[in-house]
Amino acid sequence: MNKPSILLDFSLLKTHATFRAVFCARFISILALGLLGIAVPVQIQAMTGSTLLVGLSVTLAGSGMFVGLLMGGVMADRYERRRLILFARSTCGLGFIGLCINAALPAPSLTLIYLLAVWDGFFGAVGVTALLAATPAIVGRENLVQAGAISMLTVRFGSILSPAIGGLVIASGGVVWNYALAALGTGLTLIPLLRLPQLMPPVQKREHPLRALVSGFAFLLQNRVIGMVALIGALLTMASAVRVLYPALSGLWQVSASELGLMYAAVPLGAAVGALTSGRVANVARPGWMLLMTAIGAFVAIGLFSLMPWFGLGLVFLVIFGYLSAINALLQYALIQNLTPDDFLGRINGLWTAQNVTGDAIGALLLGAMGSVMLPAMTTASFGFSAAVLGVVLAFAMRALRDTVN
């Protein structure tokens with residue numbers, strides 16, 4: 001029997017029409033969100049001239065997303081998931097229309113921009129959580145790694161393409177057109193999503209939403225493997241916040257602004273390569289062991305990154321970090337989707353995704369605080385190697401995860 005190719009297999013798009021519909025909707029959605037993501041800060045900066053008020057919009061959207069992930073998980077375990085996905089996408093589209101109308105006014109309202117940022121963050125997260133909970137039913141649990149890698153590539157390439165398009169649209173027509181195209185794109189996503197079959201969650205007892213959320217937390221803490229996977233994911237997300245130190249580290253190699261941009265591009269490039277070469281990840285005999293090893297390797301790469309004498313070598317270690325993080329994220333995704341009972345899929349996916357939001361914020365705060373008392377290179381190295389040591393300790397302590405087999 002031939003070994004599977006190391007390259008990602010895209011055949012899922014051909015064999016699973018429903019997943020193909022989700023893929024199309026997801027790509028259009030990422031492009032629309034990219035248009036929105038550049039329009040909001042540009043508009044607020046033009047209105048106020050304050051970077052603080054620009055940052056506040058990002059914080060508010062992130063807060064809405066965090067709450068949406070938690071409550072969306074509860075709803076995805078209680079309500080029919082296809083209907084929830086369509087409702088969430090439609091409601092986001094209404095928010096984008098609101099931003100468009102507001103931007104077209106002679107005196108746009110900053111308060112309304114903030115309110116709609118929370119609105120779109122919340123309902124966008126609800127839709128994402130419902131779609132994650134529905135994925136095993138859409139593609140089959142045996143195809144989860146493949147589906148996750150294809151989705152990861154979609155996000156990476158869409159995230160690269162959409163800001164460039166957004167900048168061109170603003171330059172030629174202003175932010176009103178960005179919002180209008182974002183609303184149109186969101187509306188277009190509903191067309192392929194209408195092809196989704198009915199996706200009913202398992203029948204379970206009715207309970208207060210907060211009690212249901214607490215039950216999700218309890219399951220996460222009681223299940224050793226899933227809880228450990230979420231912990232590793234949070235640590236890696238914290239490590240990815242090292243980008244807050246890039247401007248300070250650029251002085252280490254005396255690089256230009258264009259070369260600084262390469263630092264921001266290196267991790268996404270490594271992640272894209274990881275997704276493209278993930279063809280054998282689904283067949284790993286001990287996914288838990290590989291999860292731990294890729295996490296430790298990623299932490300070591302961050303530790304070595306700032307110690308390199310040449311800028312090019314530093315970029316290599318950032319690419320390695322991105323590559324190992326992508327493989328790790330696919331393993332996290334597969335383990336959580338495979339080992340979580342269907343009646344908890346919404347809540348656990350919501351909690352797992354929420355740790356990406358909180359982990360990044362905590363990591364940025366921690367690295368920023370360390371950078372205020374230590375040299376940037378020492379901050380990065382200390383953080384990376386400390387995380388690697390913690391990873392080794394966890395590898396020895398997490399026997400349940402270490403011994404998990406396919």
Side-chain angles (χ1 to χ4, degrees), residues 4 8-33 68-69 72-90 92 123-158 186 188-204 216 226 229 275 278-279 281-283 287 329-353 356 406:
L8 176 60
D9 181 5
F10 289 91
S11 63
L12 203 61
L13 293 171
K14 181 179 180 181
T15 58
H16 289 65
T18 304
F19 179 69
R20 185 166 62 248
V22 170
F23 172 84
C24 294
R26 190 181 186 91
F27 186 70
I28 296 171
S29 177
I30 290 168
L31 292 179
L33 290 174
L69 289 169
V74 174
M75 288 187 281
D77 286 337
R78 177 172 296 188
Y79 302 112
E80 198 270 315
R81 290 162 181 171
R82 175 184 179 273
R83 185 178 300 175
L84 189 58
I85 293 167
L86 292 171
F87 169 76
R89 295 306 305 151
S90 301
C92 275
F123 286 105
V126 169
V128 167
T129 308
L131 186 57
L132 284 171
T135 301
I138 291 173
V139 301
R141 292 182 184 263
E142 70 279 4
N143 295 315
L144 283 170
V145 172
Q146 185 181 353
I150 293 173
S151 297
M152 182 182 291
L153 273 180
T154 308
V155 172
R156 294 297 179 185
F157 287 128
T186 301
L188 291 176
T189 64
L190 298 177
I191 297 173
L193 290 175
L194 285 170
R195 299 182 59 185
L196 292 177
Q198 190 177 50
L199 298 164
M200 292 296 299
V203 177
Q204 50 189 301
I226 294 177
V229 169
S278 62
V281 173
N283 302 103
L330 289 173
L331 291 165
Q332 291 177 48
Y333 175 74
L335 285 168
I336 286 176
Q337 299 291 70
N338 276 317
L339 300 179
T340 303
D342 195 39
D343 54 335
F344 275 97
L345 268 174
R347 281 165 287 179
I348 297 305
N349 273 296
L351 291 170
W352 174 60
T353 310
N356 288 323
N406 263 332

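Keep in mind that what you see is a predicted model, and the values were worked out from it rather than measured. Index from 1, following the sequence.
- The CG atom of D343 sits 13.0 Å away from atom CZ of R78, with the distance rounded to the nearest 0.5 Å.
- Minimum interatomic distance between V126 and G72 (heavy atoms only, all atoms of both residues): CG2-CA, 4.0 Å.
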Query raised in the report: After noting the C-alpha distance and the side-chain angles of F19 and I150, does the key distance pass the side-chain contact (heavy atoms from CB on, under 4.5 Å) rule?
Result: CA-CA 10 Å; F19 179 69; I150 293 173; 4.0 Å; yes
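- Distance alone, capped at 3.5 Å, places no donor-acceptor pair between the S29 side chain and the R26 backbone.
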Requested in this report: Just do the side-chain contact (heavy atoms from CB on, under 4.5 Å) check on R20 and L12 with the steps written out, would you?
Outcome: CA-CA 8 Å; R20 185 166 62 248; L12 203 61; over 6 Å; no
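- Taking 4.5 Å as the limit, every side-chain heavy atom of T129 sits out of range of all side-chain heavy atoms of M75.
- Scanning all heavy atoms of the two residues, the minimum distance from I226 to I336 falls at CG2-CG1, 4.4 Å.
- With rounding to the nearest 0.5 Å, the separation of CZ in R82 from CG in L199 is 8.5 Å.
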Query raised in the report: Can you list the steps and then say if H16 with I138 is a side-chain contact (heavy atoms from CB on, under 4.5 Å)?
Result: CA-CA 8 Å; H16 289 65; I138 291 173; over 6 Å; no
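- The two residues G127 and I85 come nearest to each other via the heavy atoms O-CG1, 4.1 Å.
- Taken from OG1 in T15 to CD in Q146, the straight-line distance is 7.0 Å, to the nearest 0.5 Å.
- Taking every heavy atom of both residues into account, A125 and G68 meet most closely at CB-C, 3.7 Å.
- Considering every non-hydrogen atom in both A133 and A76, the closest pair reads CB-CB, 4.2 Å.
- Only one option out of L335, L330, V281, V145 pairs with P287 in a side-chain contact (heavy atoms from CB on, under 4.5 Å); it is L335.
- Rounding to the nearest 0.5 Å places OG1 of T189 at 9.5 Å from CG of L194.
- T340 places no side-chain N or O within donor-acceptor distance of the main-chain N or O of Q337, the cut-off being under 3.5 Å.
- When every heavy atom of I348 is checked against every heavy atom of G216, the shortest pair comes out as CD1-O, 3.6 Å.
- The pair D342-R81 meets the salt-bridge criterion, since a charged nitrogen lies less than 4.0 angstrom from a carboxylate oxygen.
- Taking the ring axis of F344 as reference, the NZ or CZ atom of R347 stays within 45° of it and closer than 6.0 Å to the ring centre.
- Counting only heavy atoms from C-beta outward, the side chains of F123 and F87 approach each other to under 4.5 Å.
- Note that the CZ atom of R141 and the CG atom of L339 stand 8.5 Å from one another [nearest 0.5 Å].
- Summarising the geometry, atom OH belonging to Y333 is positioned 7.5 Å from atom CG belonging to N349; distances are rounded to the nearest 0.5 Å.
- Between T18 and R195, every side-chain heavy-atom pair lies at or beyond the 4.5 Å cut-off.
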